[in-house]
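Each remark here refers to the structure printed beneath this line.
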Amino acid sequence: FFFKQKTAYEISTRDWSSDVCSSDLDGGDANKKTSITNSQVTSTVNNYSSSNSDGTGGVIGRATSSIFTDVTVNSTVTSFAGSGATGGVIGSDSGSVLTGTSVTASASNSSYYPWWCWGWCWTQASGDVGGVIGNATGTQLIDTKVVTPTDSNGNPSSSVVVTNGGSSGATGGLIGTANSVTITGVSSSIQANTDANGNTISATSATPITVTNNSSSGAVGGVIGSDSGSTVTGIATVTNVNNSSGNNYSATGGLVGQATSSTLDQVNINSIVTSNAGAVGGVIAQASGTTTLSNVTVTSTVTNSSSNS
């Protein structure tokens, strides 16, 4: 179905807990707490508003202290002109707890030609972009699974695709900008097809989290674009990060683009990082403050064609 973030009843009453209302979905009262449990959400959200600053998300645009438990999300979210954050699940968040979230998402900032300008002018989106959350403060992501869909032949397609073609903002595979966020347990699914006897025909690991920055001046990361004070524990995933913005102050990392007093523990990251824009790293591109890495296993291919390395 086509989801425009209207009322919960337009989606499916069986997919939502009873305390979800329309005001929770379209922004509404920021003090209301949304609780979504054992649900499946498939959504396509396009935001053409040049004045929107709340956020654009596959489930909720702006969330405060929301509770997600065992929610499966398959979303395509595009902000063409808004200034708020864009996320596959939540656009902008403060204090929410997401446990057992399975996500297949495409989240992007882009640009478009308004109907009134006859193709000779265009508007450009701005703001942070993330596969799960665009901008997060005090959020907890617990046991997040990146789900890889397969076609009828068992061939995998992209799991989480994040693209920033906007004018500004951080870009991350899971979170664009993170402040004091806790991420515990991130895994990529393994898809396999079996015949009638249960024999495996083909088995492929999850395709990479793909993050592309075309024009934004912000940091770019396979999991988090720009981070301050967050803790990331227990991650095993593959990322493919490409920064072609040409901005020599835009850091590009396989896990985190720019880290300030971040803590990374029990991380297994396989990254491909390509950039023509400033600092580049297989795990972190730029680190400051008391940033700590423990028990990190990394396999990375890093290519930097920036004139300012």
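Values below: every heavy atom of this structure, side chains too, minus hydrogens, waters and symmetry copies.
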*asked:* Any heavy-atom pair between the side chains of Ile133 and Thr139 that's under 4.5 Å?
replied: yes
*asked:* So if I apply the side-chain contact (heavy atoms from CB on, under 4.5 Å) rule between Val146 and each of Thr101, Val160, Val238, which one comes out positive?
replied: Val160
*Shortest non-hydrogen contact from Ala277 to Thr252?*
O-OG1, 4.3 Å
_Filter on ring-ring contact (aromatic ring centres under 6.0 Å, His included), then keep only pairs touching residues 268-290, sequence neighbours left out; what's left?_
none
*Check the pair Val71, Thr69 against side-chain contact (heavy atoms from CB on, under 4.5 Å), reporting the backbone distance first and the verdict last.*
CA-CA 6 Å; Val71 177; Thr69 306; 5.8 Å; no
*Between Val223 and Val296, is there a shared hydrophobic cluster once you connect ILVMFWY residues whose side-chain heavy atoms come closer than 4.5 Å?*
yes
_Ala107 to Gly130 - nearest heavy-atom pair and separation_ = CB-O, 3.5 Å
*asked:* Nearest 0.5 Å, please: how far is OG in Ser108 from CZ in Phe80?
replied: 6.5 Å
_Does Thr274 form a side-chain contact (heavy atoms from CB on, under 4.5 Å) with Val241? I'd like the steps, not just the answer._
CA-CA 6 Å; Thr274 306; Val241 185; over 6 Å; no
*So how far is it from Asn270 CG to Thr299 OG1, rounded to the nearest 0.5 Å?*
5.0 Å
*Can any side-chain N or O of Ser300 pair as donor or acceptor with the backbone N or O of Val302 at less than 3.5 Å?*
no
*Search all heavy atoms of Val132 against all heavy atoms of Leu141 and return the closest pair with its distance.*
CG1-CD2, 4.3 Å
_Distance check, rounded to the nearest 0.5 Å: Ile67 atom CD1 versus Ile36 atom CD1?_
10.5 Å
*Any chance you could measure Leu98, atom CG, to Ile142, atom CD1, to the nearest 0.5 Å?*
9.0 Å
_Considering all heavy atoms, the nearest Ser230-Ser180 contact_ = OG-N, 3.5 Å
*Answer yes or no: is there a donor N or O on one side and an acceptor on the other, between the side chain of Ser43 and the main chain of Gly58, under 3.5 Å?*
yes
*Step by step, would you call Val220 with Val211 a side-chain contact (heavy atoms from CB on, under 4.5 Å)?*
CA-CA 8 Å; Val220 187; Val211 181; 3.7 Å; yes
*Has the side chain of Thr86 got a donor or acceptor atom that lies under 3.5 Å from a matching backbone atom of Gly91?*
no
*Do you know the tightest heavy-atom contact between Gly278 and Val280?*
O-CG2, 3.3 Å
_Looking at Asp128, is its backbone amide N or carbonyl O close enough to the side chain of Asn109 to form a donor-acceptor pair, meaning the two atoms are under 3.5 Å apart?_
no
*Side-chain contact test, heavy atoms from C-beta onward, threshold under 4.5 Å: evaluate it for Thr34 versus Ile60 and give yes or no.*
yes
Without placing hydrogens or testing angles, list every side-chain donor-acceptor pair under 3.5 Å for residues 254-269, not counting sequence neighbours.
unit_1, atom_1, unit_2, atom_2, d
Gln258, NE2, Gln286, OE1, 3.2
Thr260, OG1, Ser288, OG, 3.3
Ser261, OG, Thr290, N, 3.4
Ser262, OG, Asp227, OD2, 2.4
Asp265, OD1, Asn295, ND2, 2.9

_Measuring only between side-chain heavy atoms, which start at C-beta, is Thr37 closer than 4.5 Å to Phe68?_
no
*Would Ile183 and Val298 show up in the same hydrophobic cluster when neighbours are defined by side-chain heavy atoms closer than 4.5 Å?*
yes
_To the nearest 0.5 Å, what is the distance between OG on Ser106 and CG on Asn74?_
10.0 Å
_Do Thr78 and Asn47 have side chains that approach each other closer than 4.5 Å (heavy atoms only, starting at C-beta)?_
no
*Report whether Leu293 and Ile235 are members of the same hydrophobic cluster (ILVMFWY, side-chain heavy atoms less than 4.5 Å apart, transitive linking).*
yes
*Taking all non-hydrogen atoms of both residues, which atom of Ile224 and which atom of Ala178 are closest, and how far apart?*
CG2-CB, 3.9 Å
*asked:* Within this structure, what is the CG-OG distance for the pair Asn213 and Ser275, rounded to the nearest 0.5 Å?
replied: 8.5 Å
*Close side-chain approach of Asn240 to Ile209, heavy-atom, < 4.5 Å*: no
_Sidechain-backbone polar pair: Ser250 side chain, Gly218 backbone, donor-acceptor under 3.5 Å_ = yes
